[in-house]
Amino acid sequence: MSEPVDLKTTVNLPKTDFPLKGNLSQNEPLRLQKWEAMNLYEMLREARQGKPLFVLHDGPPYANGNIHIGTALNKILKDFVIKSRSMMGHWAPYIPGWDCHGLPIEIKVEEELKKNKQELDRMAIRKAARAYANKFVDLQRQDFKRLGVLGEWDNPYITMAPAYQANIVRALSKFVERGAVYKGSRPVHWCISCVTSLAEAEVEYSDHSSYSIYVKFAFPDAAKVDPALADKRVSIIIWTTTPWTLPANLGISFNPKFEYNAVAVGDDVFIAANGLLEDVAKKLGWETYEIIGTYSGEVFDRLNARHPFVDRDSLLMLGDHVTLEAGTGAVHTAPGHGYEDFLIGREYGLEIYNPVDGRGYFMKDVEHFAGNRVVALGKNDPDGNKAVIAHLESIGALLKSEKFNHSYPHCWRCRNPVIFRATPQWFISMEKSGLNAAAVESCDNIHWHPGWGNERMKNMFRDRPDWNISRQRAWGVPITVFYCDDCGETLLDPAVMNYVADLFEKESADAWYEREVKDLLPPGTKCGCGSEKLSKENDILDVWFDSGASWISTMEPRGLPYPADVYLEGGDQFRGWFNSSLVIGLAVKNAPPYKGVISYGWAVDGEGRKMSKSLGNTVEPEKVIKQSGAEIIRLWCAAVNCYEDMRISPEILTRLSDAYRKIRNTARYCLGNLDGFDPATDNVALNEMLEIDRWALASVNEMTKRCLDAWQRYDFTDVYQAIYHNATVTLSALYFDILKDRLYTTAPKSLERRSAQTALYEIVVRIAKLSSPLLAFTSDEIWENIPGATAEAASVHLTTFPAYDEHLRNDELLARYDKLFGVRDVVMKALEEARNAKLIGAGLEAKVTITANADTRAFLESFGADLRFMFIVSGVALQDGADLKVEVAKADGEKCERCWNYTTDVGVNAAYPGACGRCAQNIDTMLTS
RNA sequence: CGGCUCGAAGCUCAGUCCGGUUGUGAGCAAUCGGUUGAUAACCGAUAGGUCGUUGGUUCAAAUCCAACCGAGCCGACCA
């Protein structure tokens, strides 16, 4: 007994290797390396062997460009689902995929090839496109992995893999078996200079000078509208800016909601919409006119007018697409030359008539105009527009002709104006095949999350036209059909298609282009006419067909069950992948490919507006990762409600970084105070624990329940709220604050400290596990720092969620402490007032006198000597009174140098002059044990 | 234009289906203060909302209905 004890060294302060700062941008890549080195995904597969499956089938992103906040969100939400189901004890495999074919890549590749003056034949494009797609699969794979998404990254599915391509063809053959595939016509953008169809993306709009003409169509059925018109010379006036489409006119469209007039002008009677009559009169120079009849547009339905120069009728139809913006309200309709014309023409059963060849010349059988070019490109071109106008004039059908400037589509390559021209296309029939009805019916058996998805999907199918699966393109899977060179018959045969598919499986779909026809066909294949001279179809499949067939190529070969448990994508996929997958699933397997569909909202900026590079309001995942870490993006995905549009902005990310630090520090506090605690030997039995520690366990048990429930319901926001609220309020502000005195001052092996540590241990284990799907990196880092944890499992991701524990449940305690903390609020307010009055600084400088009614007083007394620790003051006195009131005074005695409480017995033990009696005892216990 | 969704404190989120102490809702941020033994941490107090607007139904509306305003997705390739 000589050296005075340094009191400071006898305080058990937190000690941990778990750093205060996450330093995420540096540490996350290290953790990813570690997971890769230990092969975490395979470990998980082994750990879950024989466990019930949970299959989320990944929708493939397009292998083009870098990832953006939307694709990051997509993968992270999927990771939430996969990881949480895994933590529930399922084997939840994740096989990522990529959509590789299609126009955007083809366009990019064409640009590059052109720059290098390389040839643009199909195989050149296909080779370059494959290389391009491969490059972006690799880039995106790196980016997705960086987000902490766990999966079978070394063996993803890609739609351009030979086996996948083969399965696409096999899926198509199933539609053929059902008789659901037919050839039809549809107008597409067409460049007569490049002699090719163009996609919307290849069309640019710029000003163009067209002819604007008014034409009269004789209306022999006029008397059916109004007997008073019986003996009159009645015509319907139409207006158009594309005179060359008149030879293809098959009808005139009226709006059923508009009023139309019969107008007498001299000896003529004209029909035009009431709302445009004045404009028409002005244009046509009518000095006087008389309205002799007014009719609803509906009455014209299915009557006939006469084509002005072709010997046929022109059917009158009704459509909402007719507007009063310009013209006459009676719209010239040529189903082969316009999309809306096509739609209404199909509805009325008109032929999709196209009398124009690929270079823009009227075909031979077009009376008067054969050999004219619809749009003259050179000086010597016989101009179809002019010819039509001249002819109309010569037969007296032209009422007016003038020049007209407007925005018109042009080919982005050659800059020439584009026309609309019906070309042969392959379709999947939806109505006749019964697929529409089957799709609508199947919707009710699918679990939609959110629920309105059901309605949205059904609406999508209720009115869905036949699916146009043809693309006049190079980069994709060919529609494996042949034509007879002799009789023109189509060879549409499932057996032949499957034969081709087997070939694709070995050689990829390139075989279609590299091989002779005879090598693509089963030996001895002949057309029905006996001819062996066959040629291949040039069209490829719509890429929605590719991705829609993903289940078959991805899950089936891996022995995974049909249907998948869930598909999860953005709301845009109702028209996209959800849709095509359902159609293909129904056609191939007679059942939907998914039991459930989760759809989420769109990422928008801080003001709720869409993000665009031109507006400069985008949030780049790469930047966020660099600045704050991928964990912050993950946190964002959970913190905002992903089932609506989700706002993201610098402020929101700052708030989330704050929240992250709070959660991190809460875990760190637990870890720091578990120093010297071995759960195997130091655990205190529940019934021996101090009351507030049992409360803490009851409380974290409730949080567990809330999290489990929220994970189950895919309510990620609630998981985040539960964990965050638990960290800030329950733990940091209440439990930890109260616990400090006990943890720091009691002897390391004392019941008091071990009891607290038992609770802290359980709490931090639960935080790590329950947050692991969300905070994939940090939860694992916490896990590593929990005593004994890594011996149990090498990674938190290999563990399972804790259960809601009936032993820990204690509703009475929860209510009791709720009540206590209510009183605490009043005490805090009083302390604050005293602080403002400069009476005290720290709470421990105070003693409080609480006035309370008998009930409350008895309640407070039940906490005994611990009450002052609950309020973190040096003394509490109770007195009777009606209303709850708190008075604050300076605490009695002196400040103990060790525990900082004010007591009257500081120095009572001469061995420790600065310490209070309680501390002196604790030190003795420490030194002797 | 058609289908679907969303508008509440500066921010995120409960509450809206099934109207009734829901406007003293939570946390964060802000402001002011405390602490310096979770320390680029921690604790407390204060102040913040005509629940998009306007009408209606009702004794009573953030909640039900209608219209309007604003925002977003889809309608042949952006999650």
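Proteins get letters first, then strands, A, B, ... in listed order; numbering begins at 1 in each.
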* Structure fact -> As its Watson-Crick or G-U partner within any shown strand, both distances under 3.5 Å, B/A30 has B/U46

* Phosphate OP1/OP2 of B/A38 contacted by A/Tyr744 side-chain N/O (<4.0 Å) -> yes

* What nucleotide among B/G33, B/A29, B/A38 has an atom nearest to a side-chain atom of A/Asp658? -> B/A29

* Classify the nucleic acid contact of A/Asp542 as base, sugar-phosphate or nothing, counting any heavy atom under 4.0 Å across all strands shown. => base

* Asked: Is the shortest side-chain N/O distance from A/Ser547 to OP1 or OP2 of B/C77 below 4.0 Å?
  -> no

* To do: Look at all strands and tell whether A/Gly570 reaches a base, only sugar-phosphate, or nothing, counting heavy atoms closer than 4.0 Å.
  => sugar-phosphate

* Going by number, which of residues 822-831 of chain A have a non-hydrogen atom under 4.0 Å from RNA chain B? -> A/Arg824, A/Met828, A/Lys829

* Atom CG of A/Asn579 to atom P of B/C77: distance rounded to whole Å? -> 15 Å

* Asked: Is the base of B/G37 touched by the side chain of A/Lys8 through a donor-acceptor pair closer than 3.5 angstrom?
  -> yes

* Asked: Using purine N1 to pyrimidine N3 plus N6-O4 or O6-N4 for Watson-Crick, or N1-O2 and O6-N3 for G-U wobble, both under 3.5 Å, which nucleotide pairs with B/U21?
  -> none

* Asked: Nearest of B/U12, B/A79, B/G34 to any side-chain atom of A/Lys838?
  -> B/G34

* Applying the side-chain contact (heavy atoms from CB on, under 4.5 Å) test to A/Lys78, which of A/Asp58, A/Ile598, A/Leu73 qualifies? -> A/Asp58

* Does NZ or CZ of A/Arg898 fall inside the cone over A/Tyr744's six-membered ring, less than 6.0 Å from its centre and within 45° of the axis? -> no

For residues 833-841 of chain A, which side-chain donor-acceptor pairs fall under 3.5 Å, sequence neighbours excluded?
residue  : atom : partner  : partner atom : Å
A/Arg835 : NE   : A/Gly841 : O            : 2.7
A/Arg835 : NH1  : A/Glu832 : OE1          : 2.9
A/Asn836 : ND2  : A/Glu832 : O            : 3.4

* Do A/Thr666 side-chain and B/A38 base share a donor-acceptor contact under 3.5 Å? -> no

* Nucleotide nearest A/Arg655 (side chain, heavy atoms from C-beta), chosen from B/C13, B/G10, B/C73 -> B/G10

* Taking only the side-chain heavy atoms of A/Lys662 (C-beta and beyond), determine which of B/A38, B/C43, B/G3 contains the nearest atom. => B/C43

* With sugar-phosphate meaning primed atoms plus P, OP1 and OP2, does A/Ala639 contact a base, only sugar-phosphate, or nothing at under 4.0 Å between heavy atoms? -> sugar-phosphate

* Just checking A/Tyr669: base, sugar-phosphate only, or nothing, at a heavy-atom cut-off of under 4.0 Å? -> base

* To do: Assess whether one donor atom and one acceptor atom, taken from the side chain of A/Arg456 and the base of B/C73, lie less than 3.5 Å apart.
  => yes

